[in-house]
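These notes concern the structure reproduced below.
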Amino acid sequence: MLLLSNEEIANMLTIDDCLDVLEQAYRYLGHGQAGNVPRADLLVEIEPGITYGLKTMSGAVPAFQVGAIRLNSDIVHWPTIAGNTRRVKIPAAPGARWVGLVLLFSTRTGEPLAIFPDGVVQRMRVGATAGLAAKHLARQDAKVVGLFGSGWQAGSHAMAMAAVRELELIKVYSPTEANRRRFAAEMTETLGIEVRAVDTPEEAAEADIIVCATNALDVVYRGAWLRPGVHVTCVRPHELEGDVYRRSDLVFINYREGKPKHYVIGDKREEEIPEIREGWNSPTLGGIDLENKPELAALVAGKVAGRRDDRQVTCFCNNIGLGFQFAAVGARVLEL
């Protein structure tokens with residue numbers, strides 16, 4: 001059995017690897033040849049405003065002969081930063097570390113194949129999933145990305161969009177000027193294309209592809225900013241105002257079982273936890289039922305049509321993480 005570190009994985013796993021293996025895996029999923037056990041979160045408030053969460057999800061891709069369990073043991077709080085409520089994980093483990101693990105198993109023998117931290121793999125598979133949706137939905141001539149967010153996930157999304165389209169410019173906006181300028185400088189060097197920090201969300205919204213990759217529990221992109229032909233993607237449903245979904249010609253989601261099952265210990269009611277109240281049950285969605293939208297797997301498998309013309313507005317909501325993604329990317333890590 002392999003024991004791998006984030007550093008080892010970062011040195012070998014590329015965004016192109018993730019795009020390639022996830023496209024294969026989503027095709028299998030669309031044809032009923034891969035599967036998931038939905039995410040479940042066990043939550044308990046350990047002190048006012050701070051919650052412990054044990055999160056699990058699992059899945060398998062038999063064609064890759066791999067099954068996976070991904071689990072997180074998190075300490076979470078929800079501070080207000082730059083006017084937005086955010087979900088922030090506290091690195092409370094020894095050495096100021098976060099705790100997330102992926103366990104890979106053989107579907108042929110049942111034996112454990114590998115254990116590794118989820119950090120790099122989860123970052124790359126989220127960005128690659130959005131990139132896969134953009135590959136199938138964004139205009140072929142898309143050149144400019146408007147990126148909302150300048151953190152860990154925003155970086156993998158920038159890489160993914162640059163991998164699926166010949167970009168000329170990425171405009172990045174986040175509320176803290178120093179963060180967006182740092183991000184722009186780092187990603188310009190990484191991608192070899194111009195990544196420009198902009199001072200308003202409206203500037204970032206003037207783009208061919210819109211990417212929202214933040215930890216905000218508030219709306220970051222509004223329906224009034226939609227332009228004909230744009231493709232919009234997000235990592236949290238509530239990042240997009242309800243009008244974005246209403247006004248889009250095509251809306252796809254990652255998975256129909258789009259909300260975790262929450263198990264709350266103690267006297268705290270589920271609706272009192274910010275992540276649930278303002279995130280999963282956000283009133284900004286205006287009663288929109290995303291779970292009735294077609295799934296990305298159906299699009300990749302060719303069962304549902306994508307964009308039909310260059311004026312259509314398309315949207316992909318990466319509404320929940322899936323265990324089978326870790327099986328697929330984990331299989332590529334083993335191969336590498």
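By convention here, the first residue in the shown sequence is residue 1. What you are looking at is a predicted structure, and each value in this text was computed from that prediction instead of being measured.
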### Message
What verdict does the side-chain contact (heavy atoms from CB on, under 4.5 Å) test give for K303 and H31, after you've listed the backbone C-alpha separation in whole Å, the side-chain angles of each residue and the deciding distance to 0.1 Å?
### Response
CA-CA 9 Å; K303 293 187 171 183; H31 289 293; 3.8 Å; yes
Non-hydrogen side-chain atoms of [X] and [Y] separated by less than 4.5 Å:
X	Y	answer
K143	L167	no
S73	Y52	yes
L103	P112	no
D243	L226	no
W98	P117	no
I170	M187	no
M12	V333	yes
F316	N254	yes

### Query
Regarding D20 and Q24, is there a side-chain donor-to-acceptor distance under 3.5 Å anywhere?
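The criterion, which ignores hydrogens and geometry beyond distance, is satisfied for Q24 and D20.
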### Query
Cut-off 3.5 Å, side chains only: do E23 and H136 have a donor facing an acceptor?
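On atom types as modelled, these side chains qualify, holding a pair under 3.5 Å.
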Does atom [atom1] of [X] have more than 12 heavy-atom neighbours from other groups under 6.0 Å away?
X	atom1	result
D267	CG	no
R97	CZ	no
E166	CD	no

### Task
Go through the steps for I15 and M124 under the test side-chain contact (heavy atoms from CB on, under 4.5 Å), then give the verdict.
CA-CA 6 Å; I15 198 69; M124 298 290 273; 4.2 Å; yes
### Query
Between R87 and D74, is a side-chain contact (heavy atoms from CB on, under 4.5 Å) present by the stated rule, with each step listed?
CA-CA 11 Å; R87 180 185 188 273; D74 293 330; 4.1 Å; yes
### Task
Start with the C-alpha distance between C317 and L240, add both sets of side-chain angles, then the distance that settles side-chain contact (heavy atoms from CB on, under 4.5 Å), and finish with yes or no.
CA-CA 9 Å; C317 177; L240 306 181; 5.6 Å; no
Are [Y] and [X] linked, directly or through intermediate hydrophobic residues, by side-chain heavy-atom contacts shorter than 4.5 Å (ILVMFWY only)?
X	Y	result
L334	V121	yes
L191	F183	yes
Y263	L54	yes
L2	I115	no
L299	V126	no

Got a donor-acceptor contact below 3.5 angstrom from the [X] side chain to the [Y] backbone?
X	Y	result
R125	V329	no
D17	T14	yes
S248	V313	no
R307	G229	yes
N319	Y255	yes
R165	R139	yes
D218	T85	yes
K171	A207	no
S156	Q153	yes
E291	G258	yes

Spacing of [atom1] belonging to [X] relative to [atom2] belonging to [Y], to within rounding of 0.5 Å:
X	Y	atom1	atom2	value
S174	L147	OG	CG	8.5 Å
T107	Q65	OG1	CD	5.5 Å
N36	L322	CG	CG	4.5 Å
K55	L43	NZ	CG	10.5 Å
H157	C234	NE2	SG	8.5 Å
Q325	L29	CD	CG	9.5 Å

For the residue pair [X] and [Y], what are the closest heavy atoms and their distance?
X	Y	result
A305	F252	O-CZ, 3.6 Å
V264	K268	CG1-O, 3.2 Å
G127	A160	O-CB, 3.1 Å
A327	L104	CA-CD2, 4.4 Å
V172	A184	CG1-CB, 4.1 Å
E8	L3	OE1-O, 4.0 Å

### Message
Exactly one of R308, Q312, R311 should register a side chain to side chain contact (heavy atoms under 4.5 Å, CB included) with D249. Which one does?
### Response
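Checked R308, Q312, R311 against D249; only one passes side chain to side chain contact (heavy atoms under 4.5 Å, CB included): Q312.
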#### Entry: Non-neighbouring partners of Y28 that pass ring pair (Phe, Tyr, Trp, His ring centres under 6.0 Å), sequence neighbours left out
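Expected list: F64.
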### Pairing residues for Y26 by the ring pair (Phe, Tyr, Trp, His ring centres under 6.0 Å) criterion, not counting sequence neighbours
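If we apply the ring pair (Phe, Tyr, Trp, His ring centres under 6.0 Å) test to Y26, skipping adjacent residues, the hits are F324.
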### Query
Ion pair present between R181 and D199, side-chain N to carboxylate O less than 4.0 angstrom?
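A salt bridge is present here (some side-chain N lies under 4.0 Å from a carboxylate O).
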Using the side chain to side chain donor-acceptor pair (under 3.5 Å) criterion, which residues pair with [X]? Sequence neighbours excluded.
X	answer
E186	R182
D118	R70, N72
T176	none

### Query
Which pairs pass side chain to side chain donor-acceptor pair (under 3.5 Å) with one or both residues in residues 224-239, sequence neighbours excluded?
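Sorted pair list: T214-E239, H231-T314.
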